[in-house]
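Since we're looking at a predicted model, the values are computed, not measured. Counting convention: from 1, in listed order, for ligands and their atoms alike.
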Amino acid sequence: MKAVIPAAGLGTRFLPATKAQPKEMLPVFNKPTIQYVVEEAVSSGIDDILIITGKGKRSIEDHFDRSFELEYSLQNSGKTDYLKEIESISEMADIYYVRQKKQRGLGDAISCAQKHIDGEPFAVLLGDTIAQSEIPCIKQLMNVHEKYKSTVIAIEEVPDERIERYGIIKGNKINDNLYKIDDLVEKPKLEDSPSNLGIIGRYILAPEIFDYINEVSPGVGGEIQLTDALRLLNESYGCIFKGKLYDIGNTVDWLKSSIEIALEHEEVREELKDYLLKILQ
Ligand code: G1P
């Protein structure tokens, strides 16, 4: 299965940090956010990844490319651990790029993948979330897809105050982790929301989605919404994600996620913990 990672957004919520660099390259502890997402796809067995980029996103391509000068210099200075890590980034997967030429929303960004996908079901991973779990999030969806052979969307229960930030599904429970989806709404008001099950940015999509993306009119924010195209699909499933999600869609959540992920690293945990306790006294 191929994966698509949309990375064409302007990163407005991170300005001015994203004036001259893509938000996908902002680090979470020691890695750019997009690397976590690529690693999730790779550890799910996906080795063909299409990143939808746009203007000003070239550093993403450089990040996943080889860097001969850097490798040479690390080799000469005997920094072999760094060297290994740097080399492994460029060997992770076959990564392809296509540019979205106009900012017309997530649905439109996905439609840029149509030729590359070539009529097969495919995975989509959005970069606003880092998902950590024993079985990678997209692999959890692939497992459901294998059984039901249709579109599968990762969902989680979201608190009331965050409903307006998500696509929300309405579904019939099949079992504790799985819903058959009846309807979806993009960023509803709390009082209009059909449930508290939010779409977390991981999908396995049937290729028919491209036809429906072409059919929908601009929705929330005047953008072509993937959620609106998903409403038109005959059959889709919502799968509750089993694992931990780190939201990095805005500066505060990004900072919280960075701290939490840093705390998972043994080499800095104690120092960071002491520091946090000290400044909070
Ligand atoms: C997108 C989707 C939305 C989903 C969200 C998850 O919205 O349109 O349905 O819930 O990602 O992060 P965005 O956050 O890009 O506005």
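Using modelled atom types, one side-chain atom of Q103 and one backbone atom of A8 make a donor-acceptor pair closer than 3.5 Å. Remark: side-chain polar atoms of Q100 are paired, donor with acceptor, to backbone N or O of K102 under 3.5 angstrom.
Counted within 6.0 Å of CG on N234, heavy atoms from surrounding residues, nucleotides or ligands total 12 or fewer; the atom is thus considered open.
For atom 5 (C) of ligand 1, the closest heavy atom belonging to the protein is I199 O, 4.0 Å. In terms of protein heavy-atom proximity, atom 2 (C) of ligand 1 is closest to E186 OE2, 3.6 Å.
Checked by distance only, ligand 1 and K187 come closer than 3.5 Å through their nitrogen or oxygen atoms. At least one N or O atom of G167, backbone or side chain, sits closer than 3.5 Å to an N or O atom of ligand 1.
Residue L226 places no heavy atom under 4.0 Å from ligand 1.
D253 and N250 are linked by a side-chain donor-acceptor pair at a separation below 3.5 angstrom, with hydrogens and angles left out of the test. Side-chain contact annotation: Q35 with E39, donor-acceptor N/O pair under 3.5 Å present.
If you look at L126 next to ligand 1, the close heavy atoms, those under 4.0 Å, all belong to the side chain.
Residues R162 and D247 are paired through a salt bridge, judged by an N-O separation under 4.0 Å between the basic side chain and the carboxylate.
Heavy-atom proximity to atom 14 (O) of ligand 1, evaluated over D128, I163, L106, N250, is greatest for D128.
Of all the atoms in ligand 1, the ones that sit under 4.0 Å from a non-hydrogen atom of T227 are 9 (O).
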